[in-house]
A.B. asks: 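Quick one: structure below, then a few questions.
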Amino acid sequence: MADEAASAPVAAASAPGKMKMVVGVDDSEPRFYALCWTLQHFFLPGQPPPQQHHLVIVTTSPPRPLPPSASPGALMDVRALVESDLKRAAQRVIDKAKDLCAQLQVSDAEFEALEGDARNVLCDAVERHHAEMLVVGSHGYGAIKRAVLGSVSDYCAHHAHCTVMIVKKPNHKR
């Protein structure tokens with residue numbers, strides 16, 4: 001379910017008056033670039049507390065698939081393996097985000113690993129945390145790939161009830 005956090009928040013609730021930002025991350029380079037960019041532009045290293053922003057870093061894992069046809073015992077085994085793999089992958093993303101925050105001395109952050117479609121999970125996180133900004137990375141898909149795969153950033157730009165910042169990694173191939 002999209003509202004079940006797989007990991008508990010790390011920081012306490014933010015102080016009043018701080019802008020709440022949700023950043024969607026996964027194990028892709030564009031999404032981690034968006035987190036790095038956000039930390040470098042909104043959470044300046046060495047900035048004296050209280051910082052002006054509270055960060056909520058959200059990673060998602062897809063809903064658990066069910067094999068088309070299998071015996072009940074085999075179904076349980078496969079589902080347990082898939083569930084375990086998804087939890088480990090989400091924990092790796094959270095650990096990487098925590099390490100990055102620690103390196104840049106960002107302490108006013110909490111981390112959530114949630115299950116569900118990233119588009120819905122991120123929009124729900126914005127509502128749940130009353131965020132004023134959602135930051136997502138862009139994979140830079142072309143029109144055809146975007147039409148087939150869908151675009152998390154495009155969906156969030158149209159459905160999130162806050163400012164949405166889409167961070168695209170610069171292309172340095174010239």
Side-chain angles (χ1 to χ4, degrees), residues 1-14 18-45 51 53-64 82-141 145-146 149-171:
M1 306 210 128
D3 352 347
E4 292 179 12
S7 63
V10 170
S14 65
K18 289 189 176 188
M19 178 179 173
K20 293 181 184 176
M21 301 172 71
V22 172
V23 179
V25 296
D26 61 20
D27 59 354
S28 70
E29 186 178 344
R31 299 278 156 61
F32 253 90
Y33 178 81
L35 175 59
C36 292
W37 190 94
T38 301
L39 293 175
Q40 292 169 350
H41 286 82
F42 289 96
F43 297 83
L44 302 175
Q51 295 174 337
H53 303 89
H54 174 72
L55 188 63
V56 180
I57 299 172
V58 177
T59 189
T60 64
S61 55
R64 295 173 195 109
V82 169
E83 213 170 295
S84 176
D85 285 346
L86 291 174
K87 284 181 181 178
R88 276 196 303 272
Q91 191 58 52
R92 280 193 303 272
V93 171
I94 292 294
D95 290 344
K96 187 175 175 183
K98 285 179 181 178
D99 289 345
L100 186 59
C101 287
Q103 288 172 10
L104 296 175
Q105 301 173 351
V106 174
S107 59
D108 196 1
E110 58 185 282
F111 305 84
E112 296 180 349
L114 305 170
E115 181 185 316
D117 184 286
R119 294 172 277 225
N120 298 323
V121 170
L122 292 174
C123 289
D124 290 347
V126 164
E127 295 298 316
R128 192 172 60 259
H129 291 284
H130 306 287
E132 297 173 60
M133 182 180 291
L134 171 63
V135 181
V136 292
S138 172
H139 281 282
Y141 293 148
K145 212 176 211 185
R146 198 170 45 248
L149 297 175
S151 168
V152 172
S153 57
D154 184 61
Y155 181 90
C156 290
H158 288 93
H159 294 90
H161 296 268
C162 67
T163 299
V164 177
M165 181 179 300
I166 301 170
V167 178
K168 185 174 181 181
K169 186 173 182 178
N171 185 358

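Numbers here simply count residues along the sequence, with the first being 1.
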A.B. asks: Please answer whether the main-chain N or O of V25 pairs with a side-chain N or O of T59 as donor and acceptor at a distance below 3.5 Å.
C.D. replies: yes

A.B. asks: Does any non-hydrogen side-chain atom of V167 lie less than 4.5 Å from one of C36?
C.D. replies: no

A.B. asks: To the nearest 0.5 Å, tell me how far D117 CG sits from L122 CG.
C.D. replies: 9.0 Å

A.B. asks: Rounded to the nearest 0.5 Å, how far does CD of E132 lie from NE2 of H53?
C.D. replies: 8.5 Å

A.B. asks: How many angstroms lie between CZ in F111 and CG in L55, if you round to the nearest 0.5 Å?
C.D. replies: 7.0 Å

A.B. asks: Are the charged groups of D99 and K96 less than 4.0 angstrom apart, N to O?
C.D. replies: no

A.B. asks: Check step by step if side chain to side chain donor-acceptor pair (under 3.5 Å) holds for E112 and H129.
C.D. replies: CA-CA 12 Å; E112 296 180 349; H129 291 284; 2.9 Å; yes

A.B. asks: Should the pair D27-R92 be classified as a salt bridge under the 4.0 Å nitrogen-to-oxygen rule?
C.D. replies: no

A.B. asks: Start with the C-alpha distance between Q91 and D95, add both sets of side-chain angles, then the distance that settles side chain to side chain donor-acceptor pair (under 3.5 Å), and finish with yes or no.
C.D. replies: CA-CA 6 Å; Q91 191 58 52; D95 290 344; 2.8 Å; yes

A.B. asks: Does E29 have any salt bridge (charged side-chain N to carboxylate O under 4.0 Å, His left out) partners at least two apart in sequence or in another chain, and if so, which?
C.D. replies: K169

A.B. asks: Taking R31 for its side chain and G137 for its backbone only, find out whether a donor-acceptor pair lies under 3.5 Å.
C.D. replies: yes

A.B. asks: Testing P170, S28, S138 for side chain to side chain contact (heavy atoms under 4.5 Å, CB included) with Y33, which one passes?
C.D. replies: P170

A.B. asks: Quick check against the 3.5 Å criterion: does H130 have a side-chain atom that pairs as donor or acceptor with the backbone of V126?
C.D. replies: no

